[in-house]
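Let me begin by presenting the structure, written as structure tokens, before commenting on it.
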Amino acid sequence: RASKPTELWETKKKFEDEMAGAARELAVSIGEGVVGIIANTVGSAREIFNRLSGDKVLLIGRNRPWSAERLWQQYKETIAARPQRQRKGLLYVVATQTVEVGANIDFDALVSEAAPLDSLRQRFGRLNRLGRDGDSKGVIILRPKEDLVYGEPTKAAWAFLKARAPVDF
């Protein structure tokens, strides 16, 4: 029953700068915990990762199994969805769609690139995954040019969300 209030942003500057800026804003609001940032392309995920400072990890589909296992061992105490998850400091988890399915991870705040509704549902399923807190904030950001990964389904999802968003968004 935990609430996930989410803002819809249309990019006013370079997309990756907007994503990183939103992540930094959410980090300030949570203080400690995990901020997830999910982009639709590996290139954007890498650019966003490079714009953030502090403790951060990049999870992309191109991680070899050996590397992925090492990353999981290093960060599982901080990102695994379990009641006793550690919340010491702040960690940015920058990822692609690789975290949408089969990833039992838990974010305290989430920034997502606009995507089709089924993808957004999967991504937001990682936000406060166990429902243990009150509000867990999210931001969905629309890329200024056409989404080359999903195309029309992203446009349809954005129109659907905008039609239902409060006027002050």
For the residue pair [X] and [Y], establish whether any side-chain heavy-atom pair is separated by less than 4.5 Å.
{"X": "Val57", "Y": "Tyr92", "value": "no"}
{"X": "Phe15", "Y": "Ile141", "value": "yes"}
{"X": "Val35", "Y": "Leu90", "value": "yes"}
{"X": "Ile37", "Y": "Leu52", "value": "yes"}
{"X": "Leu142", "Y": "Leu8", "value": "no"}
{"X": "Gln97", "Y": "Arg123", "value": "yes"}
{"X": "Asp17", "Y": "Thr11", "value": "no"}

What are the two closest heavy atoms between [X] and [Y], and how far apart are they?
{"X": "Val94", "Y": "Ala45", "value": "CG1-O, 3.3 Å"}
{"X": "Pro116", "Y": "Pro153", "value": "CG-CB, 3.6 Å"}
{"X": "Val139", "Y": "Thr6", "value": "N-CG2, 3.9 Å"}
{"X": "Pro83", "Y": "Leu130", "value": "N-CD1, 3.4 Å"}
{"X": "Trp9", "Y": "Trp158", "value": "O-CH2, 3.4 Å"}
{"X": "Glu113", "Y": "Thr41", "value": "OE1-N, 4.5 Å"}

Query raised in the report: What's the spacing between Ser44 OG and Ile60 CD1 if we round to 0.5 Å?
Result: 12.0 Å
Report summary line: OG (Ser136) and CD1 (Ile30) are apart, to the nearest 0.5 Å, by 9.0 Å
Using modelled atom types and a 3.5 Å cut-off, is there a donor and acceptor pairing between side-chain atoms of [X] and backbone atoms of [Y]?
{"X": "Ser112", "Y": "Ile140", "answer": "no"}
{"X": "Asp108", "Y": "Val34", "answer": "yes"}
{"X": "Lys137", "Y": "Lys4", "answer": "no"}

**Report entry** From CA spacing to verdict: side-chain contact (heavy atoms from CB on, under 4.5 Å), Arg129, Asn104
**Finding:** CA-CA 8 Å; Arg129 189 164 176 87; Asn104 192 25; 2.9 Å; yes
**Report entry** Check: Thr154/Arg143 side-chain N/O donor and acceptor closer than 3.5 Å
**Finding:** no
**Report entry** Hydrophobic cluster identity match, Ile38 and Leu117, side-chain contacts under 4.5 Å
**Finding:** yes
Query raised in the report: Hey, any chance Leu161 and Tyr150 share a hydrophobic cluster, counting ILVMFWY side chains that come within less than 4.5 Å of each other, even indirectly?
Result: no
Requested in this report: For Ile105 and Arg126, run side-chain contact (heavy atoms from CB on, under 4.5 Å): C-alpha distance rounded to whole Å, both residues' side-chain angles, the deciding distance at 0.1 Å, then the answer.
Outcome: CA-CA 6 Å; Ile105 58 178; Arg126 276 57 184 159; 3.6 Å; yes
Report task. Go through the steps for Asn128 and Phe107 under the test side-chain contact (heavy atoms from CB on, under 4.5 Å), then give the verdict. Result -> CA-CA 6 Å; Asn128 192 2; Phe107 299 136; over 6 Å; no
Query raised in the report: Hey, mind stepping through Leu26 and Val111 against side-chain contact (heavy atoms from CB on, under 4.5 Å) and telling me if it holds?
Result: CA-CA 8 Å; Leu26 289 175; Val111 179; 3.6 Å; yes
Is it true that [X] and [Y] have a side-chain N and a carboxylate O under 4.0 angstrom from each other?
{"X": "Lys162", "Y": "Glu10", "value": "yes"}
{"X": "Lys14", "Y": "Glu18", "value": "no"}
{"X": "Arg51", "Y": "Glu16", "value": "no"}

Query raised in the report: Is the cationic atom of Lys56 (NZ for Lys, CZ for Arg) positioned less than 6.0 Å from the six-membered ring centroid of Phe49 and within 45 degrees of its normal?
Result: yes
